[in-house]
Amino acid sequence: MDYVSKIVQVNRPASQLYGLFSDFRQFEAMIPKDKVEDFEASESACSFTVKPLGKTGLRIVDKEPDKVVKFGPNGKSPFDFFLWVQLKSVAPYDTRLRLTLRAEFNFMMKTMLGKKLQKGIDDFAAQIAAALNGQAPNP
């Protein structure tokens with residue numbers, strides 16, 4: 001099942017955003033220390049501990065400069081998933097960003113989590129845009 005975020009505007013060049021999302025070493029400053037521990041990163045993979053889930057990680061499985069970065073699980077994950085960050089340059093300092101989460105759940109999990117995941121992916125895109133645009137996110 002795919003969960004696609006609303007498209008958000010980021011006031012930065014697509015090349016700058018691609019550089020940020022295509023290198024996990026750039027993520028450390030953005031990691032919420034109260035929720036994530038033991039963050040370790042290389043350019044193409046990272047691992048971390050999330051309470052109460054335990055140790056997990058992400059890896060870059062595909063990327064196209066200034067357009068898309070696709071992430072997948074790296075190590076133990078409670079379910080199979082892929083997450084895309086899609087970028088579209090509209091003007092030099094106007095890039096549109098959209099997130100797509102593809103997650104494989106059984107019917108019962110889809111029923112329980114579907115609406116929450118859709119809201120979560122929309123909120124996540126809005127938070128990314130707010131942070132990169134230097135604004136406080138909407139509650």
Side-chain angles (χ1 to χ4, degrees):
M1 177 91 190
D2 287 356
Y3 301 91
V4 181
S5 76
K6 296 176 183 171
I7 296 171
V8 296
Q9 180 180 2
V10 180
N11 301 322
R12 295 187 186 209
S15 60
Q16 186 182 41
L17 296 175
Y18 175 79
L20 175 69
F21 290 112
S22 65
D23 185 345
F24 281 113
R25 296 170 297 187
Q26 303 290 325
F27 285 38
E28 189 159 8
M30 299 180 285
I31 301 298
K33 305 289 188 246
D34 61 326
K35 297 180 180 159
V36 175
E37 297 176 343
D38 306 322
F39 183 79
E40 295 179 18
S42 67
E43 181 178 346
S44 61
C46 69
S47 64
F48 47 90
T49 301
V50 178
K51 295 181 227 171
L53 299 177
K55 189 108 173 144
T56 189
L58 295 171
R59 65 186 171 87
I60 295 174
V61 296
D62 195 16
K63 57 186 178 178
E64 185 177 342
D66 304 345
K67 293 186 180 179
V68 69
V69 180
K70 185 177 180 181
F71 305 99
N74 186 31
K76 187 175 85 170
S77 174
F79 56 89
D80 288 334
F81 71 93
F82 291 99
L83 174 69
W84 288 264
V85 177
Q86 297 164 290
L87 307 169
K88 180 166 176 64
S89 181
V90 177
Y93 284 86
D94 182 356
T95 301
R96 304 305 159 98
L97 181 145
R98 179 172 72 182
L99 303 176
T100 300
L101 173 66
R102 176 170 292 160
E104 299 299 325
F105 298 116
N106 63 36
F107 178 76
M108 188 169 173
M109 292 297 285
K110 282 181 195 177
T111 304
M112 290 179 4
L113 295 177
K115 289 181 182 178
K116 290 179 182 178
L117 283 174
Q118 184 60 57
K119 181 178 179 345
I121 199 85
D122 285 334
D123 290 350
F124 188 36
Q127 290 170 354
I128 290 170
L132 293 173
N133 289 331
Q135 305 163 350
N138 292 332

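The shown structure was predicted, so the numbers you read here are calculated from the model rather than taken from an experiment.
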If you compare all heavy atoms of [X] against all heavy atoms of [Y], which two are closest, and at what distance to 0.1 Å?
| X | Y | result |
| --- | --- | --- |
| V8 | A125 | CG2-O, 3.7 Å |
| C46 | N74 | O-ND2, 3.7 Å |
| K55 | T49 | CD-OG1, 3.6 Å |
| Y18 | K63 | OH-CD, 3.2 Å |
| I121 | S5 | O-CB, 3.6 Å |
| M1 | E104 | N-OE2, 4.2 Å |

Centroid-centroid distance, F81 to Y3, less than 6.0 Å: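 No; Y3 has its ring centre 6.0 Å or more from that of F81.
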[Y] side chain reached by [X] side chain, heavy atoms, under 4.5 Å:
| X | Y | result |
| --- | --- | --- |
| D62 | V68 | no |
| L87 | D66 | no |
| L58 | F27 | no |
| I128 | V85 | no |
| L132 | L20 | yes |

Just verifying a value: how many Å separate [X] [atom1] and [Y] [atom2], rounded to the nearest 0.5 Å?
| X | Y | atom1 | atom2 | result |
| --- | --- | --- | --- | --- |
| N11 | L17 | CG | CG | 10.0 Å |
| T56 | F48 | OG1 | CZ | 5.5 Å |
| R98 | K6 | CZ | NZ | 14.0 Å |
| W84 | L101 | CH2 | CG | 8.5 Å |
| I60 | L83 | CD1 | CG | 11.0 Å |
| Q9 | D94 | CD | CG | 4.0 Å |

Treat each ILVMFWY residue as a node, draw an edge where side-chain heavy atoms are under 4.5 Å apart, and state whether V50 and L117 are in one component.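 Shared cluster, yes.
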Do F21 and V36 land in one hydrophobic cluster if side-chain heavy atoms of ILVMFWY residues count as linked below 4.5 Å?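 Yes, F21 and V36 fall within the same hydrophobic cluster.
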Can a side-chain donor-acceptor contact be found between D2 and T100 if the only test is distance below 3.5 angstrom?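 The criterion, which ignores hydrogens and geometry beyond distance, is not satisfied for D2 and T100.
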With under 30° as parallel and over 60° as perpendicular, where do the rings of F24 and F71 fit, or are they tilted in between?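 Because their plane-to-plane angle lies in the 30° to 60° range, the rings of F24 and F71 count as tilted.
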Main-chain N/O of G19 paired with D23 side-chain donor or acceptor, under 3.5 Å: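 Not confirmed, D23 side chain does not pair with G19 backbone.
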Any donor and acceptor pair, going by atom type alone, linking the side chain of R59 with main-chain N or O of P73 inside 3.5 Å?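 Checked: pair present.
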May I ask you to check whether over 12 heavy atoms, not counting those of F124, lie within 6.0 Å of atom CZ?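 12 or below, so no.
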